[in-house]
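Please read the structure below before turning to the comments.
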Number of protein chains: 2
Amino acid sequence: MKAEIIAVGTELLLGQITNTNARYLSQQLSYMGIDVYYQTVVGDNLNRLKQAIELASSRADVILFSGGIGPTQDDLTKDALAEVLGRSIYIDPASMEKVASFFEGRDITMTENNRRQALVIENSHVLANSTGLAVGIAIEDKEKYYIVLPGPPKELQPMFENEAKPWLLEHVLTDEHPIYSKMLKFAGIGESALEDALIDLISAQSDPTIAPYAKEAEVTIRLTTKAATEKEAMTKLKNMEAQIRDRLPNHMYADQNISIEEQILLMMTGMKLTLTAAESCTGGLLMQNLTLIPGSGNVFMGGVVCYSNEMKEKMLNVPHELLEGENAPGAVSPEVAEVLADEARKTLDTDFAVSITGVAGPGSSERKPVGLVYVGLAERNQPTQVFELNIRGNRESIRVRAAKSILYRLWLRLSELQKESVK
Amino acid sequence: MKAEIIAVGTELLLGQITNTNARYLSQQLSYMGIDVYYQTVVGDNLNRLKQAIELASSRADVILFSGGIGPTQDDLTKDALAEVLGRSIYIDPASMEKVASFFEGRDITMTENNRRQALVIENSHVLANSTGLAVGIAIEDKEKYYIVLPGPPKELQPMFENEAKPWLLEHVLTDEHPIYSKMLKFAGIGESALEDALIDLISAQSDPTIAPYAKEAEVTIRLTTKAATEKEAMTKLKNMEAQIRDRLPNHMYADQNISIEEQILLMMTGMKLTLTAAESCTGGLLMQNLTLIPGSGNVFMGGVVCYSNEMKEKMLNVPHELLEGENAPGAVSPEVAEVLADEARKTLDTDFAVSITGVAGPGSSERKPVGLVYVGLAERNQPTQVFELNIRGNRESIRVRAAKSILYRLWLRLSELQKESVK
């Protein structure tokens with residue numbers, strides 16, 4: 001089964017945006033055991049788009065499109081595909097109703113061009129858009145399979161996962177051995193150190209395969225196997241997982257694809273513990289990542305972005321003499337990290353508090369180097385811990401790593417508490 | 001002059017990495033006035049690579065390759081191109097010397113496969129690699145131009161800038177006019193409404209061209225023109241910009257590619273104004289976006305993530321009877337948005353404060369619908385304004401739009417103040 005991904009949009013050819021959809025779709029297809037042979041990008045031009053479709057139909061079995069299904073006259077993907085397949089195109093009444101009710105509900109006048117978002121092709125299956133207006137379509141035509149998806153990743157990804165993938169499984173992958181996989185997540189360790197610890201397992205890998213990959217301050221391992229039954233697959237995956245966990249017990253924080261924030265919220269919800277935060281150089285990043293997760297309010301009460309020294313004093317009672325003066329340790333110091341965590345925890349009377357203060361750059365501050373960060377962890381009836389970090393990277397990555405680092409410390413402590421409670 | 005970019009590498013087709021090189025090269029070529037018609041990604045497979053080259057040669061004048069020139073047997077770009085052009089391939093002695101001296105200088109034994117990095121094609125121009133070992137090549141063949149570049153962006157980018165671009169300017173762009181462009185940024189308006197307001201300009205567009213595109217809660221227009229001199233280009237671009245600004249004076253917030261956060265910080269820094277924030281459902285998102293910008297500390301003092309009701313009461317003096325009780329308006333109400341903005345501003349004695357409280361979903365809260373958000377804008381010596389939003393989308397996009405929406409209101413008010421001070 002060969003696939004081709006066609007991303008449509010002149011903005012891609014002008015280099016205005018990166019083709020992240022091609023990566024996402026390639027990854028998803030690869031997990032499903034479908035080999036992607038080509039990725040193509042073509043502009044908003046009917047003739048070239050039709051040529052790209054004809055070429056793809058000649059060399060692939062499954063063709064996925066991203067983009068070109070919005071409201072404007074530039075959005076031509078469905079028109080081009082209909083012409084190549086020799087099928088008619090029309091406004092789908094059910095989809096049109098949704099578009100219209102979107103505008104009615106908002107008291108906004110719908111401009112005429114928005115009708116184009118409800119276009120479908122004759123004899124196609126409509127893929128609903130749960131996060132936007134333009135509907136996708138799936139078509140089988142002469143043993144070729146076409147999937148049309150929207151361009152914005154936040155619309156494309158749920159539509160692929162909830163609509164296109166089930167359709168592909170039903171229509172395309174009917175008699176293949178299914179692929180099973182499992183994600184393991186790691187924190188507090190870099191990709192190369194992790195690879196080093198598992199090098200013999202990775203080298204000897206055949207079944208399950210072991211694929212590590214790293215994102216900012218987070219490493220994931222994907223274990224993959226093919227098997228006739230789910231039970232057989234799970235036995236193989238569980239066995240490999242146990243070997244890996246044995247090697248890295250203080251780093252493997254989850255056996256599913258969740259962030260460390262999600263894992264912490266799960267653990268704290270279970271243990272009925274509460275959390276607050278005081279962020280200086282990260283400016284709200286840690287809290288924004290925590291609160292992005294539905295249900296975080298059961299654990300996380302809120303916190304303070306104490307960006308200025310004034311804020312540190314007024315909101316979190318940091319003594320002025322710690323912050324300013326000739327012999328003051330300054331805002332970026334273990335002393336201030338400790339007070340921030342302590343005071344945040346006391347103010348809201350939570351079980352835990354985390355604090356972050358540091359130099360995110362680009363310039364240095366208090367004559368301290370870029371990347372120097374202190375993170376604090378306060379716990380009810382326990383001494384507050386402070387850790388010094390020296391992070392290399394730009395402003396964004398220093399902030400991300402600082403936040404992930406104190407979350408890793410919090411996870412370690414929660415794991416200890418869980419083990420103690422089991423004893 | 002038409003161009004095609006061919007990225008080579010099975011890791012791209014597996015979705016292991018994102019094709020950022022295609023974006024970089026597209027952008028560079030677009031700045032040079034070379035139109036990219038296609039981007040193609042093909043795996044490390046000699047036959048498919050040769051087919052991709054033949055196809056590109058049939059439809060483009062300039063063909064750029066990224067990747068597939070490293071030391072391993074998988075690296076086949078040069079071999080494939082040599083076969084298609086019917087030219088021989090050999091180890092370039094000067095390049096080989098550099099590869100060998102790299103290993104000698106490090107006391108590492110050079111494995112034989114590293115010699116492949118010094119491969120060049122008969123009658124080609126060698127593109128030196130200042131940050132890596134594999135050399136690139138430039139070839140003219142039957143009025144087609146081929147540029148072979150390495151895969152790692154940190155090698156590709158300097159090689160393009162310092163080696164390939166001068167070669168293209170000398171061999172390909174001998175008598176073309178350079179291209180000039182300008183970005184305009186808009187807030188508080190969607191892509192289709194913006195297009196509607198400019199439809200006649202867009203339809204009639206020829207020079208400059210007008211290309212709108214949308215990201216989450218933000219629309220950008222790129223104006224592009226070709227001209228003999230920079231002065232001529234600027235006159236054309238400025239003239240079109242003025243027409244567009246006249247149509248949308250309350251939405252065009254910048255004539256350069258910056259976020260509304262950056263624009264607000266620029267204006268407030270200039271006007272010596274300070275800002276704080278109280279975020280409930282956005283959980284720190286607005287503050288994290290503001291503080292990501294270096295120098296934000298001159299304007300933004302910090303603020304509060306008042307996620308729980310307790311936090312709203314303790315940190316920002318929201319009266320209990322507003323939050324809870326049978327007839328209380330509740331946390332998601334205009335009343336609470338107003339108190340949050342007022343109290344945040346008073347506590348830190350800033351010139352402005354913004355507040356956000358709403359239902360980000362997925363579940364409803366206080367029996368209020370997902371997407372209902374109240375945002376507040378408090379200003380020293382002015383009545384506090386509150387706006388009701390009804391946002392459609394998932395949790396993430398409701399949060400992003402809520403934050404952008406109050407920033408838009410703040411920008412509008414700052415624009416007014418600027419106009420008043422000019423009078």
Side-chain angles (χ1 to χ4, degrees), chain A residues 10-20 22-28 30 36-43 48 71-72 102 105-106 111 113-114 131 154 213 282-285 287-288 290-292 294 297 300-308 310-311 314-315 347-348 362-363 395-396 399, chain B residues 12-20 22-28 30 36-43 48 192-193 195-196 211 213 222 282-285 287-288 290-292 294 297 300-308 310-311 314-315 347-348 361-363 390 392-397 399:
Chain A
T10 302
E11 66 277 21
L12 289 160
L13 296 179
L14 289 169
Q16 288 168 346
I17 56 171
T18 307
N19 190 4
T20 54
R23 180 186 180 175
Y24 169 81
L25 293 173
S26 291
Q27 216 169 32
Q28 296 300 316
S30 133
V36 177
Y37 272 36
Y38 296 96
Q39 294 168 359
T40 300
V41 178
V42 59
R48 285 197 288 280
T72 77
F102 168 83
R106 267 153 200 80
T111 55
N113 53 9
N114 276 293
T131 51
K154 73 173 181 47
Y213 54 103
T282 46
L285 171 66
M287 296 192 269
Q288 117 84 5
L290 274 176
T291 57
L292 195 48
F300 181 69
M301 298 294 108
V304 175
V305 176
C306 44
Y307 209 58
S308 60
E310 200 188 340
M311 185 94 188
K314 278 200 189 165
M315 289 292 215
T347 307
L348 281 172
R395 184 176 176 87
E396 193 170 348
R399 286 161 50 110
Chain B
L12 288 160
L13 296 180
L14 289 170
Q16 289 168 346
I17 57 171
T18 307
N19 190 3
T20 56
R23 179 185 182 175
Y24 169 81
L25 292 173
S26 291
Q27 214 168 32
Q28 296 300 315
S30 137
V36 177
Y37 273 34
Y38 297 95
Q39 295 168 359
T40 300
V41 177
V42 59
R48 285 197 289 278
S192 57
E195 224 186 81
D196 235 41
Y213 55 103
R222 183 177 198 104
T282 46
L285 172 66
M287 296 193 268
Q288 117 84 5
L290 275 175
T291 56
L292 195 48
F300 180 68
M301 298 294 107
V304 174
V305 176
C306 44
Y307 210 57
S308 59
E310 199 188 339
M311 185 93 188
K314 277 200 187 162
M315 290 294 215
T347 307
L348 281 171
N390 291 280
R392 194 168 170 260
N394 61 15
R395 185 176 175 87
E396 190 169 351
S397 103
R399 286 160 51 110

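In what follows, chains carry the letters A, B, and so on, assigned in the order in which the sequence lines appear, proteins first and then strands, with residues in each chain numbered from 1. Side-chain atoms are counted along with the backbone in the values below, which use heavy atoms only and exclude waters and symmetry mates.
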>> Test side chain to side chain contact (heavy atoms under 4.5 Å, CB included) on B:Asn19 and A:Asn19; report intermediate values, then the result.
In response: CA-CA 7 Å; B:Asn19 190 3; A:Asn19 190 4; 5.6 Å; no
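A donor-acceptor pair is defined here as one N or O able to donate and one able to accept, closer than 3.5 Å; no such pair exists between the side chain of A:Arg48 and the backbone of B:Tyr37.
Side-chain contact check for B:Leu13 versus A:Gln39: some heavy-atom pair is nearer than 4.5 Å. Taking the side chain as every heavy atom from C-beta outward, B:Ser192 and A:Asn114 approach each other to under 4.5 Å. Contact of the B:Val41 side chain with the A:Val41 side chain is not registered, since no non-hydrogen atoms from C-beta on lie closer than 4.5 Å. Considering only heavy atoms from C-beta on, B:Met315 comes within 4.5 Å of A:Thr347 through its side chain.
When all heavy atoms are compared, the tightest approach of B:Tyr307 to A:Thr291 is OH-O, 3.4 Å. The two residues A:Met301 and B:Glu310 come nearest to each other via the heavy atoms SD-OE1, 4.2 Å. Taking every heavy atom of both residues into account, A:Val304 and B:Met311 meet most closely at CG2-CE, 4.2 Å.
Residue contact with chain B, scored on non-hydrogen atoms closer than 4.5 Å, is absent for A:Gln28.
Defined by atom type and a distance below 3.5 Å, a donor-acceptor pair is present between the side-chain atoms of A:Gln288 and B:Arg399.
Highest contact tally toward chain A, considering only B:Met287, B:Arg222, B:Lys314, B:Arg392, is held by B:Arg392 [criterion: heavy-atom pairs under 4.5 Å].
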